[in-house]
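Below is one structure, written out as structure tokens, with a few remarks after it.
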Amino acid sequence: QVQLEESGGGSVQAGGSLRLSCAASGDLGSRRTTGWFRQAPGKEREGVARIYNFGTNTYYADSVEGRFTISQDNAKNTVSLQMNSLQPEDSAMYYCAASRGYVGLRTYDYNYWGQGTQVTVSS
């Protein structure tokens, strides 16, 4: 089992930045991919970015490419999401997830999920 805990959410004005962090614990050796997802009220959960935990391969959704950066600190077992140039449409609950495989951004490929952290961007 892998436990994930997100932090760093909050409220910001359009154009601002936030940095989310995902702290992992448990059977860390079983992780291959960590991803960030988001879900706005009334919408489906969508993938935002993912990183392979052994290596530096990253992938982003088109909607955040160039604005968001995913990174990891293996010494601290954390994966971060730096979000710049935030827009109101980025408002959502953001979730960290981990997969036992090398996967993309499909929610059903992920085995472990955190509880989420809220991001609100005002215009």
Side-chain angles (χ1 to χ4, degrees):
Q1 290 290 323
V2 175
Q3 292 78 46
L4 303 169
E5 183 173 2
E6 304 93 338
S7 61
S11 297
V12 66
Q13 289 190 328
S17 299
L18 283 173
R19 185 176 181 87
L20 305 183
S21 184
C22 173
S25 60
D27 184 14
L28 301 181
S30 67
R31 288 186 309 165
R32 294 295 179 267
T33 306
T34 298
W36 282 97
F37 294 77
R38 65 187 182 186
Q39 187 168 20
K43 294 187 177 181
E44 292 188 356
R45 191 170 297 189
E46 64 173 354
V48 173
R50 67 102 176 108
I51 188 168
Y52 290 159
N53 293 113
F54 299 99
T56 58
N57 187 281
T58 59
Y59 180 77
Y60 298 90
D62 289 344
S63 58
V64 305
E65 179 82 53
R67 299 188 299 125
F68 291 10
T69 302
I70 189 171
S71 62
Q72 62 187 344
D73 184 335
N74 289 331
K76 297 181 178 179
N77 297 322
T78 59
V79 173
S80 297
L81 184 70
Q82 177 66 42
M83 305 186 295
N84 298 328
S85 301
L86 283 163
Q87 299 301 317
E89 53 265 34
D90 295 315
S91 297
M93 184 71 78
Y94 281 71
Y95 298 90
C96 176
S99 174
R100 293 190 291 267
Y102 292 103
V103 298
L105 286 174
R106 296 179 301 189
T107 56
Y108 54 79
D109 285 330
Y110 287 76
N111 310 103
Y112 310 103
W113 292 84
Q115 295 299 307
T117 185
Q118 180 67 41
V119 171
T120 302
V121 185
S122 59
S123 57

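Not measured: the values here are computed from a predicted model. No hydrogens, no waters, no symmetry mates; every other heavy atom, side chains included, goes into these values.
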Trace of the side chain to side chain contact (heavy atoms under 4.5 Å, CB included) decision for Ile70 with Val79: CA-CA 7 Å; Ile70 189 171; Val79 173; 3.7 Å; yes

Within-4.5 Å side-chain heavy-atom neighbours: Val12 and Thr120: no

Residue pair Glu46 / Phe37, side-chain heavy-atom distance below 4.5 Å: no

Gap between atom CZ of Arg32 and atom CD1 of Ile51 - 0.5 Å precision: 14.5 Å

Working for side chain to side chain contact (heavy atoms under 4.5 Å, CB included), residues Phe68 and Leu81: CA-CA 7 Å; Phe68 291 10; Leu81 184 70; 4.2 Å; yes

Met83 versus Tyr94, closest heavy-atom pair with distance: SD-CE2, 3.8 Å

4.5 Å side-chain heavy-atom contact, Leu4 and Trp113: no

Residues forming a side-chain hydrogen bond (donor to acceptor under 3.5 Å, both in side chains) with Gln82, sequence neighbours excluded: Arg19, Asn84

Exceeds 12 heavy-atom contacts within 6.0 angstrom, atom OH of Tyr52: yes

CD on Gln3 to CG on Asp27, rounded to 0.5 Å: 9.0 Å

CA sep, side-chain torsions, deciding dist, call: Val64, Arg38, side chain to side chain contact (heavy atoms under 4.5 Å, CB included): CA-CA 12 Å; Val64 305; Arg38 65 187 182 186; 4.0 Å; yes

Single-linkage hydrophobic cluster, 4.5 Å side-chain cutoff, Val119 and Tyr95 together: no

Atom pair SG (Cys22) and CD (Glu6), whose distance is rounded to the nearest 0.5 Å: 5.5 Å

CD (Gln87) with more than 12 external heavy atoms under 6.0 Å: yes

Pairwise distance CG(Asn111) to OG1(Thr33) - rounded to 0.5 angstrom: 9.5 Å

Shortest non-hydrogen contact from Thr34 toward Cys96: CG2-SG, 3.8 Å

CH2 on Trp36 to OG1 on Thr117, rounded to 0.5 Å: 7.0 Å

Which atom of Arg31 lies closest to which atom of Ala24, heavy atoms considered: NH1-CB, 3.6 Å

Taking every non-hydrogen atom, the tightest pair across Pro88 and Ser123: CG-CB, 3.9 Å

Distance-minimising heavy-atom pair for Gly47 and Ala61: O-CB, 3.4 Å

side-chain hydrogen bond (donor to acceptor under 3.5 Å, both in side chains): pairs with one or both residues in residues 64-81, sequence neighbours excluded: Asn53-Gln72, Arg67-Asp90

Check: Tyr112/Arg100 side-chain N/O donor and acceptor closer than 3.5 Å: yes

From CE (Met93) to CD (Gln115), nearest 0.5 Å: 9.5 Å

